[in-house]
A.B. asks: 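A single structure is presented below for examination.
Count residues from 1 along the sequence. Values below: every heavy atom of this structure, side chains too, minus hydrogens, waters and symmetry copies. Ligands are counted one by one from 1 in listed order, and the atoms in each one are counted from 1 as well. Everything numeric here is computed off the predicted structure, so don't read it as measured data.
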Amino acid sequence: MMLPEHLTVAGGRLHIGGHDTVALADTHGTPLYVTDEDRIRANYRRLEDALTAHYPKVRVLYAAKANGNLAVFRILADLGAGADVFSAGELCLALAAGMQAEKLLFNGSSKSTADLALAVETGVKVSVDSLDELRQLNAAAAAAGKTVRIAFRVNPAIEVPTHPKIATGLATTKFGIPAGQILDAYREALACSNIDPVGVHCHIGSQILEVEPFVREMEVLIDLARDLLALGVTIEFIDIGGGLGVPYHRETDRAPTPQDYAAAVMPVFLAGIRDLGIEPELWVEPGRSLIADSTILLTRVNSVKEAYKTFANVDAGFNLLVRPAMYDSYHAVVAANKADAPAEREYTIAGPICETGDLLAKDRMLPALAAGDLIAVLDTGAYGFAMSSQYNSRPRCAEVIVRGDDAALMRRAEDVDDLTAPMQQPAWQQ
Ligand SMILES: *Cc1c(COP(=O)(O)O)cnc(C)c1O
């Protein structure tokens with residue numbers, strides 16, 4: 001298998017950022033997520049460089065939901081990123097990691113009164129998803145004597161070649177304001193006493209492996225910007241969201257590079273703004289493409305069973321990595337302690353959860369496996385731990401981060417006390 005450069009094999013063992021995965025598993029136990037900080041930094045710089053080579057006023061907003069560990073937020077804050085936050089929790093983590101409020105965009109199709117109050121209080125920009133929300137936000141801002149800077153999220157009605165559960169720009173999705181209503185929405189925003197519309201926002205979906213949908217998205221946004229200028233809106237930013245895919249099928253997927261993405265999208269943007277006579281910031285909201293490949297999930301083989309198939313039963317399941325069960329996602333797997341042994345047999349990697357669908361990988365050719373062997377599931381940095389649960393009363397595992405020669409926990413493993421801590425005993429049971 002073609003491994004990315006931060007994953008290497010030495011002495012028959014898989015290494016991440018130069019660290020022996022067998023030693024990491026022995027030290028910290030399994031299951032274990034391991035993240036390479038330098039890989040995140042390299043991914044970020046590659047994207048930023050590709051975009052700023054075309055236009056200097058680019059702002060990268062990390063899509064916070066992809067990986068919610070504060071250590072990851074701090075890396076991105078250090079690189080100068082802002083964040084696209086989708087909840088009060090993500091907003092608070094981004095601020096705690098040192099991101100300035102003015103670099104945050106509070107997104108979401110169903111914000112509560114408390115969410116809107118927090119947005120007003122912290123001074124972040126808001127991506128407004130409905131007229132109802134606009135009116136509530138204006139009232140909250142008026143009550144606080146403040147003005148909130150907003151964009152509307154526009155639904156561009158663009159079909160994208162990805163899994164239907166992660167296509168967000170279809171006309172039928174719950175996200176955004178339909179194109180036919182968007183000008184009226186901006187008109188109303190202009191008339192609101194405590195709202196200042198300053199941008200446009202769009203996000204068409206995730207794990208998109210072609211550039212063409214982003215080009216069409218940019219065309220929609222430029223056309224919208226033209227209409228908004230005519231309405232009298234000042235356009236300070238155009239936000240094209242995230243969604244660039246990664247090559248999970250390491251043998252066969254062709255993912256556009258950041259350079260490919262920039263080369264496709266930037267000419268449309270540049271020609272558009274030149275034509276309109278404006279110089280707004282360009283905002284992008286990458287999640288997956290920044291961190292998916294930075295992280296592996298290490299999981300130990302508990303037993304091997306010859307049945308309908310040969311199952312390698314491991315200690316991580318969809319409690320820790322739900323993508324295969326939820327989206328039929330493919331993740332490459334490596335026998336981490338036998339990384340240069342020849343592939344001999346076909347295995348299905350099955351988790352410990354009491355569900356038929358708890359399979360991390362199906363029908364993979366691997367070296368002969370036995371109890372105690374270590375499996376690495378690759379490309380698990382995005383929507384991996386972030387979507388974990390305690391289902392089956394399984395405490396969540398630890399997360400380790402490596403940088404250069406250093407390795408450290410960025411989250412300790414939970415134990416049974418962490419399961420019971422928030423639970424309360426009703427008086428009548430005492
Ligand atoms: C999830 C999300 C992103 C990030 O998507 P990726 O595919 O991880 O790049 C960006 N913007 C918004 C609004 C999102 O909901």
A.B. asks: Taking the six-membered ring of Y248 as reference, does the NZ or CZ atom of R323 fall below 6.0 Å from its centre and within a 45° cone about the axis?
C.D. replies: yes
A.B. asks: Can a cation-pi geometry be assigned to R411 and Y33, taking NZ or CZ under 6.0 Å from the six-membered ring centre and within 45° of the ring axis?
C.D. replies: no
A.B. asks: Using the side chain to side chain contact (heavy atoms under 4.5 Å, CB included) definition, which of the options V34, V400, T35, L70 pairs with M410?
C.D. replies: T35
A.B. asks: Is it true that S294 and D36 share a donor-acceptor pair across their side chains at a distance under 3.5 Å?
C.D. replies: no
A.B. asks: Which pairs, with at least one residue in residues 44-75 and sequence neighbours excluded, count as a ring-ring contact (aromatic ring centres under 6.0 Å, His included)?
C.D. replies: Y55-F269, Y62-F73
A.B. asks: Using modelled atom types only, decide if a donor and an acceptor are shared between the side chain of D379 and the backbone of H331 within a distance under 3.5 Å.
C.D. replies: no
A.B. asks: Every pair of nitrogen or oxygen atoms between ligand 1 and the protein that is under 3.5 angstrom apart - can you list them with their distances to 0.1 Å?
C.D. replies:
unit_1: ligand 1; atom_1: 7 (O); unit_2: S206; atom_2: OG; d: 2.3
unit_1: ligand 1; atom_1: 7 (O); unit_2: G243; atom_2: N; d: 3.4
unit_1: ligand 1; atom_1: 8 (O); unit_2: R288; atom_2: N; d: 2.8
unit_1: ligand 1; atom_1: 8 (O); unit_2: Y383; atom_2: OH; d: 2.6
unit_1: ligand 1; atom_1: 9 (O); unit_2: G243; atom_2: N; d: 2.9
unit_1: ligand 1; atom_1: 9 (O); unit_2: G287; atom_2: N; d: 3.0
unit_1: ligand 1; atom_1: 11 (N); unit_2: D84; atom_2: OD2; d: 3.1
unit_1: ligand 1; atom_1: 11 (N); unit_2: H203; atom_2: ND1; d: 3.4
unit_1: ligand 1; atom_1: 11 (N); unit_2: E285; atom_2: OE1; d: 2.6
unit_1: ligand 1; atom_1: 15 (O); unit_2: K65; atom_2: NZ; d: 2.8

